[in-house]
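Hydrogens, waters and symmetry mates play no part in the numbers below; they use all other heavy atoms, side chains included.
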Amino acid sequence: MAYPKPSRRSWAEPWKIKMVEPIRMTTSADREKFMVEAGYNTFLLRSEDVYIDLLTDSGTNAMSDRQWSGLMLGDEAYAGSRNFYNLWEAVTRYYGYKYLVPTHQGRGAEHILSKIMIHAGDTIPGNMYFTTTRLHQELAGGTFVDVIIDEAHDPANAHPFKGNVDLAKLRHVIDEAGPGKIPYVSIAGTVNMAGGQPQSMENLRAVRAICQPQGIPIVLDATRAVENAYFIQQREPGYQSKKVAEILKEYCSYTDTCTMSAKKDALVNIGGWLATNEQGLFEEARNMVVVYEGLHTYGGLAGRDMEAMACGIAESVQDDHIRARIGQVEYLGNHLLDWGIPIVQPIGGHAVFLDAKAFYPHIPQSQYPAQALACYVYIDSGVRTMERGAVSAGRDPKTGEERFPNLELVRVTIPRRVYTQAHMDVVAESVLEVFEQREQARGLKMTYEPKYLRFFQARFEPA
Ligand SMILES: Cc1ncc(COP(=O)(O)O)c(C=O)c1O
């Protein structure tokens, strides 16, 4: 008997599984109870009550055997740990920055950077906000201004580089505020809140050409810059034959400083850094880290954490790794697209983003449709996702009014090297089930609102 030949050859992950962690399936009655107890906030669920955990790709990576063995090489000296120098060397080799200050995670670096660089009344233009980044900018007295291209605010627009800066918007903000009031331009590659969308090399080069003559530095949020480099390799003319590692280094070379949450690209469970080419900034940051994080050769981390990071950085830039990582996200996203489920397009680097406004046109944004959608998915299958819409956007610090962003999304985030294709099938089928039940869905009202980063701890009940 002749079997139909597949139209293309399959790919597989460049690793095999050596250790497994059991996960628990619950009943839908259990999950309804857990959801009520968690105040309809997936951040407040206990992880033991979650079946497939797609809350975040942050710190949820599976480390390799080499990283685990690196833990045994931890040099836990208070000062001058060998692992710190290994990390510094890895950051310089792969990201290209001269100086390194380790921090416990990304927001530790954002805090220090904002305190040093931002003064009251400053304006910080950037390619869409990120929650912790913008909060630190605001707490330091600055105002973030979004200068991303308009396409980024439209979930259905298939622009290949929705993380690009709109150069006319950037020029306008600089002219309005005056270059002296712009401590830096804040660039993220990829852009989390836009749906994991990349910025092109050409666009970053153009941003550089605007900023450099005016003496305005560029600070990169390098959290997912390796994923950004992969998209450049796949989509930008002239980069197809270059290695991701080479593209990453070129990308970073157009910036002066970076903050990093190593819990994402760098394949570890904790860690971050601030890296820079500016000696003056380095010296100030190295001094300030002592106040908030720990000595400048550990920044709140154990020596072993820094060793795992150094090793994870080298693994993260391998083409085979990043192709499989993003390939898995695309596998899930394409499944959903085939079923006509509204998601942000193109499919992002670290997550598939469900378009909650298109899911639930009958739920007003003031009743948090994305928050509700994340709850329905959990109740259906025990799959945990998270809101990225009005709840995450919070309130304007000046007016106190709620911010209602154009994008009202649920992030279905894929941890690196953790789940299999079968898990992705289960997730896709659950989203389909919830989509089919969409007309019965109801919105939520907030019953408890914390002051900062409310999405982490807010509580809700059905509206
Ligand atoms: C783009 C981006 N920047 C910064 C951060 C903050 O990093 P951390 O969670 O390590 O503090 C995150 C975390 O989710 C992020 O996605």
Find out whether [X] and [Y] are in side-chain contact, i.e. whether some heavy atom of one side chain is under 4.5 Å from a heavy atom of the other.
{"X": "T259", "Y": "L220", "result": "no"}
{"X": "L274", "Y": "T257", "result": "yes"}
{"X": "M193", "Y": "R388", "result": "yes"}
{"X": "K162", "Y": "V344", "result": "yes"}

task: Before giving the answer on salt bridge (Lys or Arg N to Asp or Glu O under 4.0 Å), spell out for E236 and K242 the whole-Å C-alpha distance, their side-chain angles and the decisive distance to 0.1 Å.
output: CA-CA 11 Å; E236 189 160 350; K242 295 202 167 145; over 6 Å; no
query: After noting the C-alpha distance and the side-chain angles of D53 and R384, does the key distance pass the salt bridge (Lys or Arg N to Asp or Glu O under 4.0 Å) rule?
result: CA-CA 5 Å; D53 203 348; R384 171 156 68 169; 2.8 Å; yes
query: Under the salt bridge (Lys or Arg N to Asp or Glu O under 4.0 Å) criterion, do E402 and R454 qualify, and how do the steps go?
result: CA-CA 11 Å; E402 282 197 283; R454 63 183 190 173; 2.7 Å; yes
Cut-off 3.5 Å, side chains only: do [X] and [Y] have a donor facing an acceptor?
{"X": "N203", "Y": "Q199", "value": "yes"}
{"X": "D57", "Y": "T413", "value": "no"}
{"X": "D305", "Y": "H104", "value": "no"}
{"X": "Q233", "Y": "D319", "value": "yes"}
{"X": "Y97", "Y": "T255", "value": "yes"}
{"X": "K264", "Y": "T223", "value": "no"}
{"X": "Q197", "Y": "T190", "value": "no"}
{"X": "E315", "Y": "S64", "value": "yes"}

Of F460, F456, Y378, the residue whose pairing with F43 passes ring-ring contact (aromatic ring centres under 6.0 Å, His included): F456
- prompt: Do Y129 and F144 have their ring centres less than 6.0 Å from each other?
  reply: no
task: Answer with yes or no after comparing the ring centroid distance for W273 and Y95 against a 6.0 Å cut-off, counting only values under it.
output: yes
message: Would R31 pass as a cation-pi partner of F34, given that its NZ or CZ must be under 6.0 Å from the six-membered ring centre and within 45 degrees of the axis?
response: no
Would [X] and [Y] pass as an ion pair if we require N to O under 4.0 Å?
{"X": "E449", "Y": "R395", "result": "yes"}
{"X": "K115", "Y": "E110", "result": "no"}
{"X": "D30", "Y": "K33", "result": "no"}
{"X": "R416", "Y": "E227", "result": "yes"}
{"X": "D49", "Y": "R24", "result": "yes"}

query: Which side-chain hydrogen bond (donor to acceptor under 3.5 Å, both in side chains) pairs, counting each pair once, include a residue from residues 338-361, with sequence neighbours left out?
result: N192-H350
query: Do E293 and Y298 pass the side-chain hydrogen bond (donor to acceptor under 3.5 Å, both in side chains) test, and can you show the C-alpha distance, the side-chain angles, and the key distance before you say yes or no?
result: CA-CA 8 Å; E293 303 273 314; Y298 74 84; over 6 Å; no
task: Could you give me the CA-CA distance, side-chain angles and deciding distance for E13 and R417, then say whether salt bridge (Lys or Arg N to Asp or Glu O under 4.0 Å) is met?
output: CA-CA 8 Å; E13 288 80 3; R417 307 192 292 204; over 6 Å; no
task: Apply side-chain hydrogen bond (donor to acceptor under 3.5 Å, both in side chains) to N41 and Y448, showing your working.
output: CA-CA 11 Å; N41 185 344; Y448 166 68; over 6 Å; no
query: When you look at CD of E439, are more than 12 heavy atoms from neighbouring residues, nucleotides or ligands closer to it than 6.0 Å?
result: no
query: Are more than 12 heavy atoms from other residues, nucleotides or ligands located less than 6.0 Å from atom NE2 of H362?
result: yes
message: What verdict does the side-chain hydrogen bond (donor to acceptor under 3.5 Å, both in side chains) test give for Y419 and Q328, after you've listed the backbone C-alpha separation in whole Å, the side-chain angles of each residue and the deciding distance to 0.1 Å?
response: CA-CA 9 Å; Y419 291 112; Q328 188 179 42; over 6 Å; no
